[in-house]
Amino acid sequence: MKNRNNVITKTIFFLFILQFALVTVASAQYEGINEDIAKNRKGVLVIKAKRGDQVVVEQLSHEFWFGAAISNQFGTGTMPENDKKQYEEKFLKNFNSAVTENAVKWGSMEPQKGQVNYAAVDGILAWTEKHHIPLRGHNLFWGIPKFVQPWLKEMDDSELSQTLKNRAETIAARYKGRFVEYDLNNEMVHGNYYEDRLGPAITKQMAQWAHNGDPDARLFLNDYDILTGNKLPEYMAQIRSLLNQGVPIAGIGVQGHLHSDTFDRYELRRSLDSLAMFNLPIRITEFNMPGQRSKYLTEKIVVMTDEEEALKAKELVDYYKICFAHPAVEGIIMWGFWAGANWIPTSSLYKKDWSPTPAADAYQHLIFKEWWIQSSGKAAKDGTYSIPAFYGKYKVTVKGISKEIILSKEEGRVTVDFTR
């Protein structure tokens, strides 16, 4: 009887999870989302061969950024060896892009005046370059007063301005061409000590100084509570003001962790639509699920129930789908993927012991199954084999000969010829 009761209990629990998933999936996505994904994330791949030739198409990577933050410990090599090995393996398995979590932050690099530590930045760059992973530099400046080093606050305005100039020029020149982009001055909607001290022209000066060091540096804005809609009007006004001043903004960063254990689908889409009006690329720069307003951070809860893990996995998938479907978004970067190096441990794909969570399985199925192309068939009468395919890198094989090609969103269509 005891075993029968256990079976009944487990069956009821399974049915509850299934019902929960079906109800939430039905309510989570807007009508036409899959059509938007196909429209905005797929181009046409055309293979020219001989009639009847067998063609095999294998996707190797996405053009869209599916990334994660890299911790200082990994960059400096101070992470325990087993964790370091797992961290590297799991990163390469899941992600195609990255951002420095803390390494480039001024307070992390130079907590004491004149004592600049480049070890974490250099270590992260060496690793990402070895594995051909594009890397964001987060961040050149951060004007939230509590994150400004005390020694900077002790300077007079003239010395402060010169020190900011030295910082921008030095970092940009030292790493010229190695970072794909930088966050210029982080979270200016929420605080800007440097502008309060030196005036509203300081952001443009920061950009000019960075371009003194690297004229090709791509400079992004980055802020939070935007995709909830709460600070969207202020961010929009700030972007307009900076563009009117001639600040060379290359893209818009929006952090994706100011929600709770769920998120507002409508506000996410509305915010992305609003920001897209500037015709600048958008990156979701700091994603966590559950987010900063969840009990898991506020109450420091580090263990989830099975039901909570199921909700987390479903919410992650929904968030990614909405962002992937939006034409202005060019990437999503997790702000931590392992509970051993994540400010919200329960938002990780992997637990502290490196066991995968349901969110890891859901993420991998989405990126590498649902949004992944593996195709084969025979060339038609006219010698062509044509398929819609996600923007990215592919290996195409015909009669034992393989070629690697890039299908880019910019081009929309690519042809590979095996008849020559």
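These numbers come from a predicted model, not from an experiment.
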Worksheet item: Does E309 pair with K312 as a salt bridge, N-O distance under 4.0 Å?
Response: yes

Worksheet item: If you take all heavy atoms of W65 and P134, which pair is closest and at what distance?
Response: CZ2-CB, 3.5 Å

Fill in: Over 12 non-hydrogen atoms of neighbours within 6.0 angstrom of NZ in K105
yes

Worksheet item: For K351, does the NZ atom sit with more than 12 other heavy atoms under 6.0 Å from it, leaving out its own atoms?
Response: no

Discussion item. Between K93 and E88, does any NZ, NE, NH1 or NH2 come within less than 4.0 Å of an OD or OE carboxylate oxygen?
Written reply: no

Worksheet entry | Rounded distance [0.5 Å steps], OH in Y194 versus CG in D196 | 11.5 Å

Worksheet item: Going from CG on L349 to CZ on F337, what distance comes out if it is rounded to the nearest 0.5 angstrom?
Response: 8.0 Å

Worksheet item: In terms of side-chain geometry, is the basic nitrogen of R420 or D417 positioned less than 4.0 Å from the acidic oxygen of its partner?
Response: yes

Worksheet entry | Between CH2 on residue W209 and CD1 on residue I202, distance to nearest 0.5 Å | 4.0 Å

Worksheet entry | Under 3.5 Å: donor-acceptor pair, side chain of S347, backbone of N288 | no

Worksheet item: Is atom NZ of K85 surrounded by more than 12 heavy atoms (other residues, nucleotides or ligands) closer than 6.0 Å?
Response: no

Worksheet entry | Residues E169 and K176 bridged, charged N to O under 4.0 Å | no

Discussion item. One pair to check against side chain to side chain contact (heavy atoms under 4.5 Å, CB included): N96 and H62. What are the steps and the verdict?
Written reply: CA-CA 8 Å; N96 64 3; H62 274 284; 3.9 Å; yes

Worksheet item: Which residues satisfy the side chain to side chain contact (heavy atoms under 4.5 Å, CB included) test with Q292, sequence neighbours excluded?
Response: H257, L258, L297, W343

Item to complete: Would you check if there is a donor-acceptor pair between the side chains of H326 and D273 at a distance under 3.5 Å?
Response: yes

Worksheet entry | Derivation and outcome, salt bridge (charged side-chain N to carboxylate O under 4.0 Å, His left out), residues E370 and K321 | CA-CA 11 Å; E370 186 173 338; K321 281 190 173 182; 3.6 Å; yes

Worksheet item: Can you tell me if S271 uses its side chain to pair, donor with acceptor, with the backbone of L268 under 3.5 Å?
Response: no

Fill in: From T100 atom OG1 to L135 atom CG, the distance as rounded to the nearest 0.5 Å
6.0 Å

Discussion item. Regarding D223 and K231, does a basic nitrogen lie under 4.0 Å from an acidic carboxylate oxygen?
Written reply: no

Discussion item. By the definition salt bridge (charged side-chain N to carboxylate O under 4.0 Å, His left out), identify the one residue from K153, R197, K113 that meets it with E159.
Written reply: K113

Discussion item. Before you tell me yes or no, could you show the steps for D183 and R136 under salt bridge (charged side-chain N to carboxylate O under 4.0 Å, His left out), namely the whole-Å CA-CA distance, both residues' side-chain angles and the distance that decides it to 0.1 Å?
Written reply: CA-CA 8 Å; D183 289 327; R136 305 184 81 243; 2.6 Å; yes

Worksheet item: Can you list the residues that meet the side chain to side chain contact (heavy atoms under 4.5 Å, CB included) rule with K393, with sequence neighbours excluded?
Response: L60, S61, E404, I406

Fill in: Point-to-point distance, once rounded to the nearest 0.5 Å, from CD1 of I373 to CG of L407
10.0 Å

Worksheet entry | Contact list for residues 279-307, test ring-ring contact (aromatic ring centres under 6.0 Å, His included), sequence neighbours left out | F287-Y319, F287-Y320

Discussion item. Would W142 and E187 count as a side chain to side chain donor-acceptor pair (under 3.5 Å) here? Give the steps.
Written reply: CA-CA 7 Å; W142 195 3; E187 301 175 347; 2.9 Å; yes

Worksheet item: With distance as the sole test, does W335 use its side chain to make a donor-acceptor pair with the main-chain N or O of A68 at under 3.5 Å?
Response: no

Discussion item. Centre-to-centre under 6.0 Å for F324 and F64, is that the case here?
Written reply: yes

Practice prompt. Would you please indicate yes or no on a ring centroid separation below 6.0 angstrom for W338 and W354?
Written response: yes

Practice prompt. Look at D83 together with K90 and state whether they make a salt bridge at an N to O cut-off of under 4.0 Å.
Written response: no

Worksheet item: Which value, rounded to the nearest 0.5 Å, describes the distance between M188 atom CE and E195 atom CD?
Response: 8.0 Å

Worksheet item: Looking at R265 and E315, does any basic side-chain N land under 4.0 Å from a carboxylate oxygen?
Response: yes

Worksheet item: Is the shortest distance from a Lys or Arg side-chain nitrogen in E81 or K84 to a carboxylate oxygen in the other one below 4.0 Å?
Response: no

Name every donor-acceptor pair, under 3.5 Å, that has one atom in a side chain of residues 118-126 and the other anywhere in the protein, sequence neighbours excluded.
from, atom 1, to, atom 2, distance (Å)
D122, OD1, Y175, OH, 2.7
D122, OD2, R174, NH2, 2.9

What side-chain donor-acceptor pairs closer than 3.5 Å can you find for residues 213-221, not counting sequence neighbours?
from, atom 1, to, atom 2, distance (Å)
D214, OD1, D216, N, 3.0
D214, OD2, G177, N, 3.2
R218, NH1, E181, OE1, 3.0

Worksheet entry | Residue among E129, K130, H131 satisfying side chain to side chain contact (heavy atoms under 4.5 Å, CB included) with I133 | H131

Worksheet entry | Heavy-atom side-chain proximity of D157 to L198 below 4.5 angstrom | yes

Practice prompt. Return the set of residues passing side chain to side chain contact (heavy atoms under 4.5 Å, CB included) with Q374 (not counting sequence neighbours), or none when no residue passes.
Written response: E58, W372

Item to complete: Report the C-alpha separation of N186 and N222 in whole Å, then their side-chain angles, then the decisive distance to 0.1 Å, and conclude whether the side chain to side chain donor-acceptor pair (under 3.5 Å) test is met.
Response: CA-CA 5 Å; N186 199 37; N222 189 52; 2.8 Å; yes

Worksheet item: Any side-chain heavy atom of V99 sitting closer than 4.5 Å to one from H138?
Response: yes

